[in-house]
Amino acid sequence: MIKIAPSILAADFSRLGGEVADVKTSGADYLHIDVMDGIFVPNISVGLPVIESLRRATDMFFDVHLMIDRPVRFVERFCEAGADLVNVHAEADTVENTKKAVALIKARGKRAGVTLKPGTQAQAILPFLDSCDLVLVMTVEPGFGGQHFMSDQLPKISAIRQMIEARGLACELEVDGGVNERTAALCIDAGANVLVAGSAVFGREDRAAAIRAIRTHSQKN
Ligand code: DX5
Ligand code: ZN
């Protein structure tokens, strides 16, 4: 079963609670929350107070994508704020500290994801693969919504799917950036099972139709 994770980056922040309720009733599986610090990526988005508020407003599964420098400093606070899954970037710190971040997230009873930027090789996931619950492959340079899908990342998605299968792991494989009803099928073919979609869901008036379209196109292939 393919999971769809709308990214709130493309939502109307003046009425965020309503936007989240809308995608929940429209059939979304996860809510993808992009956190940016202006250092790891050249943009700033939302942080802990927004997640705390949303946590009180919905029981949706929160997939928190930390695009922040040295996330090990903050992962426990994001768990406390209400994240169900916390994604850290492999490029944001040393291997040792990234392993520590994963361990801290899991010690809080939450799921841990490790994310790779487009320029990072598939092999970079190996030190974390046995301990993380999800791998997130970026198909745009992180920092902004509404960019074009980088199809040159598809071999990396396939390679990581093979690594997961070879080890018999239950690890999920998520794709983020430029996913729409057309590119979703490419991601699924390559082995992804969780699709983040910002503009392709929140950018459309009828969110249920948008989610249905992504799901239908994913199943065709
Ligand atoms: C980019 C973010 C994405 C973004 C996706 O840095 O991590 O989650 O919101 O937006 P779309 O689907 O519009 O590419
Ligand atoms: Zn994201």
Side-chain angles (χ1 to χ4, degrees), residues 2-13 16 19-20 22-23 26 28-47 50-51 54 60-69 71 74-75 78 83-92 111-120 132-154 156-157 172-188 192-205 207 209-211 213-215 217-218:
I2 300 308
K3 292 173 182 158
I4 312 284
S7 162
I8 62 164
L9 206 55
D12 178 352
F13 282 98
L16 195 51
E19 292 279 78
V20 171
D22 189 16
V23 291
S26 298
D29 301 286
Y30 293 174
L31 187 73
H32 186 82
I33 304 175
D34 288 306
V35 177
M36 305 180 186
D37 67 351
I39 296 172
F40 182 70
V41 288
N43 201 3
I44 295 176
S45 57
V46 299
V50 172
I51 295 173
L54 284 178
M60 277 193 87
F61 184 97
F62 286 178
D63 161 22
V64 175
H65 178 190
L66 296 183
M67 286 165 274
I68 68 174
D69 185 51
F74 287 102
V75 288
F78 279 96
D84 294 292
L85 183 146
V86 180
N87 273 302
V88 297
H89 267 267
E91 306 85 359
R111 300 173 77 184
V114 178
T115 310
L116 302 182
K117 287 169 67 171
T120 305
C132 68
D133 301 290
L134 177 145
V135 176
L136 171 54
V137 175
M138 294 303 301
T139 41
V140 297
E141 285 300 336
F144 301 90
Q147 302 182 74
H148 286 294
F149 181 82
M150 296 169 68
S151 51
D152 62 353
Q153 296 302 301
L154 290 167
K156 186 157 98 189
I157 299 169
E172 297 202 284
L173 183 50
E174 181 174 40
V175 177
D176 183 9
V179 175
N180 55 36
E181 55 200 66
R182 185 183 60 81
T183 57
L186 304 173
C187 300
I188 301 306
N193 76 301
V194 185
L195 304 176
V196 176
S199 14
V201 172
F202 280 111
R204 309 278 163 85
E205 207 153 305
R207 278 70 185 268
I211 291 171
I214 295 171
R215 240 188 248 294
H217 282 77
S218 309

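Note that ligands are numbered from 1 as they come in the structure, with each ligand's atoms numbered from 1 the same way.
For ligand 1, the atoms sitting less than 4.0 Å from at least one non-hydrogen atom of G177 are 14 (O), numbered in the order shown with element in parentheses. Every atom of ligand 1 is numbered from 1 in the order shown, and the set under 4.0 Å from a heavy atom of A197 is 12 (O). Atoms of ligand 1 found under 4.0 Å from any heavy atom of G143, numbered from 1 in the order shown, are 1 (C), 6 (O). For ligand 1 and M138, the ligand atoms under 4.0 Å from any heavy atom of the residue are 7 (O). Near H32, the atoms of ligand 1 lying under 4.0 angstrom from a non-hydrogen atom of the residue are 8 (O). Of all atoms in ligand 1, listed by their number and element, those nearer than 4.0 Å to a heavy atom of S199 are 11 (P), 12 (O), 13 (O). Each of the atoms 6 (O) of ligand 1 lies under 4.0 Å from some heavy atom of P142. Using a 4.0 Å cut-off to heavy atoms of H65, the atoms of ligand 1 that qualify are 7 (O).
Here the CD1 atom belonging to I68 is positioned 5.0 Å from the CZ atom belonging to F78, to the nearest 0.5 angstrom. Note: Q153 CD to T120 OG1 = 8.5 Å, rounded to the nearest 0.5 Å. In this structure, F144 CZ and S45 OG are separated by 10.5 Å, a value rounded to the nearest 0.5 Å.
Screening L85, V194, I8, L136 against H32 for a side-chain contact (heavy atoms from CB on, under 4.5 Å) leaves a single residue, L136. Applying side-chain contact (heavy atoms from CB on, under 4.5 Å) to P142 and the options D176, D34, T115, V41 leaves one that passes, V41. Just one of D29, I211, I214 meets the side-chain contact (heavy atoms from CB on, under 4.5 Å) condition when paired with L195; it is I214.
For atom 1 (C) of ligand 1, the nearest non-hydrogen atom of the protein is F144 O, 3.5 Å. Of all protein heavy atoms, the one lying nearest to atom 9 (O) of ligand 1 is S7 OG, 2.8 Å. For atom 10 (O) of ligand 1, the closest heavy atom belonging to the protein is G145 CA, 3.6 Å. Annotation: atom 12 (O) of ligand 1 to nearest protein heavy atom, G198 N, 2.7 Å. For atom 5 (C) of ligand 1, the closest non-hydrogen atom of the protein is D176 OD1, 3.5 Å.
Not a single donor-acceptor pair under 3.5 Å links the side chain of T139 to the backbone N or O of F149. In this structure a side-chain-to-backbone donor-acceptor pair under 3.5 Å is missing from N193 to E172.
Taking the six-membered ring for Trp and thresholds of 30 and 60 degrees, F40 and H89 have ring planes inclined between 30 and 60 degrees apart.
In terms of distance to the Zn ion (ligand 2), the nearest N, O or S atom of D34 is named OD1. Sorting the N, O or S atoms of H32 by how far they are from the Zn ion (ligand 2) puts NE2 first. Summary: OD2 is the N/O/S atom of D176 found nearest to the Zn ion (ligand 2). Within H65, the N/O/S atom positioned nearest the Zn ion (ligand 2) carries the name ND1.
Closest of all the heavy-atom pairs between K156 and P118 is NZ-O, 3.3 Å.
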Report task. Show your working on side-chain contact (heavy atoms from CB on, under 4.5 Å) between I51 and L54 and close with a plain yes or no. Result -> CA-CA 5 Å; I51 295 173; L54 284 178; 5.8 Å; no

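Close N/O approach between M36 and ligand 1 is not found [any backbone or side-chain N/O within under 3.5 Å]. Close N/O approach between V196 and ligand 1 is not found [any backbone or side-chain N/O within under 3.5 Å].
Under the 3.5 Å distance criterion, with hydrogens and angles disregarded, no donor-acceptor pair is assigned to the side chains of H65 and D63.
At least one heavy atom of G146 sits closer than 4.0 Å to an atom of ligand 1. Within the structure, ligand 1 has G178 among the residues with a heavy atom less than 4.0 angstrom away.
A salt bridge links R207 to E19: one of the charged nitrogens lies within less than 4.0 Å of a carboxylate oxygen.
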